[in-house]
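A quick note: this is a predicted structure, and the numbers were derived from the prediction, not measured.
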Amino acid sequence: MKYPRIHKAKAANDTTLIVEFTNQEIKKYDIRHLLDIPMFSPLRQPALFKNFKVEQEGYGIVWNEEIDISEYELWKNGVMVESEDLAGVRWLEEPGNPVSDYGYPRLATDPLLDQEVRKNVNISKQS
């Protein structure tokens, strides 16, 4: 079976993603069960968690070169959300959004978010 890809996504809070797939279904995915895995533990920092991008072609969500979640995981283990439950949701990320100088996507224009990410996360400028 071929699974739908990610159309767009947003962080609903400090641990939950809301993901719209290419078949127009929307699911929420809570990452708390992943935070004890060393690879995902940096996502305990809300500024980093909220600073992701949808991989080109919609095959996953990426935070950096070490942290990502596949569309399969999000689709299979996400919980269906009704569209009326999303009134007022502002989608922050769609495939192909440009990334910042630090390799992270520009999801918000809030300069404090950018400062918090740089302060709390060891980010090296990519060449």
Side-chain angles (χ1 to χ4, degrees):
M1 176 178 187
K2 195 171 187 178
Y3 294 94
R5 290 177 292 177
I6 299 166
H7 174 63
K8 54 188 173 182
K10 79 171 292 296
N13 56 41
D14 292 345
T15 60
T16 305
L17 297 167
I18 304 286
V19 181
E20 182 179 332
F21 292 88
T22 54
N23 66 355
Q24 285 76 49
E25 290 188 29
I26 300 171
K27 294 191 176 193
K28 70 179 175 180
Y29 184 89
D30 193 320
I31 66 154
R32 281 183 279 192
H33 68 283
L34 299 174
L35 295 176
D36 290 329
I37 300 170
M39 178 178 120
F40 292 101
S41 65
L43 296 180
R44 292 179 188 276
Q45 298 174 27
L48 177 60
F49 173 72
K50 293 175 181 178
N51 203 14
F52 62 85
K53 70 174 187 156
V54 173
E55 192 173 73
Q56 196 76 13
E57 306 290 323
Y59 287 108
I61 289 179
V62 179
W63 284 270
N64 59 35
E65 289 183 15
E66 290 85 32
I67 306 172
D68 59 26
I69 299 177
S70 72
E71 89 287 2
Y72 174 83
E73 171 65 17
L74 296 166
W75 173 256
K76 277 302 259 188
N77 296 308
V79 176
M80 190 70 72
V81 175
E82 297 300 323
S83 58
E84 53 269 6
D85 295 335
L86 297 172
V89 167
R90 183 174 146 240
W91 293 99
L92 298 176
E93 176 60 65
E94 293 181 335
N97 274 3
V99 297
S100 71
D101 294 339
Y102 299 95
Y104 291 94
R106 294 257 184 232
L107 298 181
T109 56
D110 181 359
L112 294 176
L113 175 66
D114 195 37
Q115 287 175 351
E116 189 175 341
V117 169
R118 279 187 262 151
K119 180 176 70 177
N120 294 323
V121 181
N122 182 15
I123 302 173
S124 60
K125 197 168 183 177
Q126 297 177 358
S127 49

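By the ring-ring contact (aromatic ring centres under 6.0 Å, His included) test, Phe40 pairs with no residue at all, sequence neighbours left out. In this view, Tyr72 and Tyr3, Ser70, Lys76 satisfy the side chain to side chain contact (heavy atoms under 4.5 Å, CB included) rule, not counting sequence neighbours. Checked against side chain to side chain contact (heavy atoms under 4.5 Å, CB included), Asp36 has the following partners two or more places apart in sequence or in another chain: Arg44. Scanning for side chain to side chain donor-acceptor pair (under 3.5 Å) contacts around Thr16 gives Asn13, with sequence neighbours left out.
Of all the heavy atoms in Ala12 and Ile18, the pair that sits closest is CB-CG1, 3.6 Å. Contact record, Asp14 with Pro46: OD1-CB, 3.5 Å, taken as the closest heavy-atom pair.
Hydrophobic cluster membership differs between Tyr29 and Val79, with clusters built from Ile, Leu, Val, Met, Phe, Trp and Tyr side chains linked at under 4.5 angstrom. With hydrophobic clusters built from ILVMFWY side chains whose heavy atoms lie under 4.5 angstrom apart, Met39 shares a cluster with Ile31.
For residues 21-35, the pairs satisfying salt bridge (Lys or Arg N to Asp or Glu O under 4.0 Å) are Asp30-Arg32, with sequence neighbours left out.
Checking side-chain atoms of Thr22 against main-chain N and O of Pro4 turns up no donor-acceptor pair under 3.5 Å. A donor-acceptor distance shorter than 3.5 angstrom exists from the side chain of Trp63 to the backbone of Phe49, with no hydrogens or angles considered.
Counting heavy atoms from C-beta on, the side chains of Asn23 and His7 never come closer than 4.5 Å.
The distance from the CZ atom of Arg5 to the CD atom of Glu71 is 8.5 Å, given to the nearest 0.5 Å. To the nearest 0.5 Å, atoms CD1 (Ile61) and CD (Glu55) are separated by 10.0 Å.
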Exercise for review: Go through Ile67 and Leu43 one step at a time and tell me if the side chain to side chain contact (heavy atoms under 4.5 Å, CB included) criterion holds.
Suggested key: CA-CA 9 Å; Ile67 306 172; Leu43 296 180; 3.7 Å; yes
Exercise for review: Evaluate the criterion side chain to side chain contact (heavy atoms under 4.5 Å, CB included) for residue pair Tyr59 and Ile6; output intermediate values, then yes/no.
Suggested key: CA-CA 6 Å; Tyr59 287 108; Ile6 299 166; over 6 Å; no
Practice item. Take Ile69 and Phe52, measure what side chain to side chain contact (heavy atoms under 4.5 Å, CB included) needs, and give me the verdict at the end. Key: CA-CA 11 Å; Ile69 299 177; Phe52 62 85; over 6 Å; no
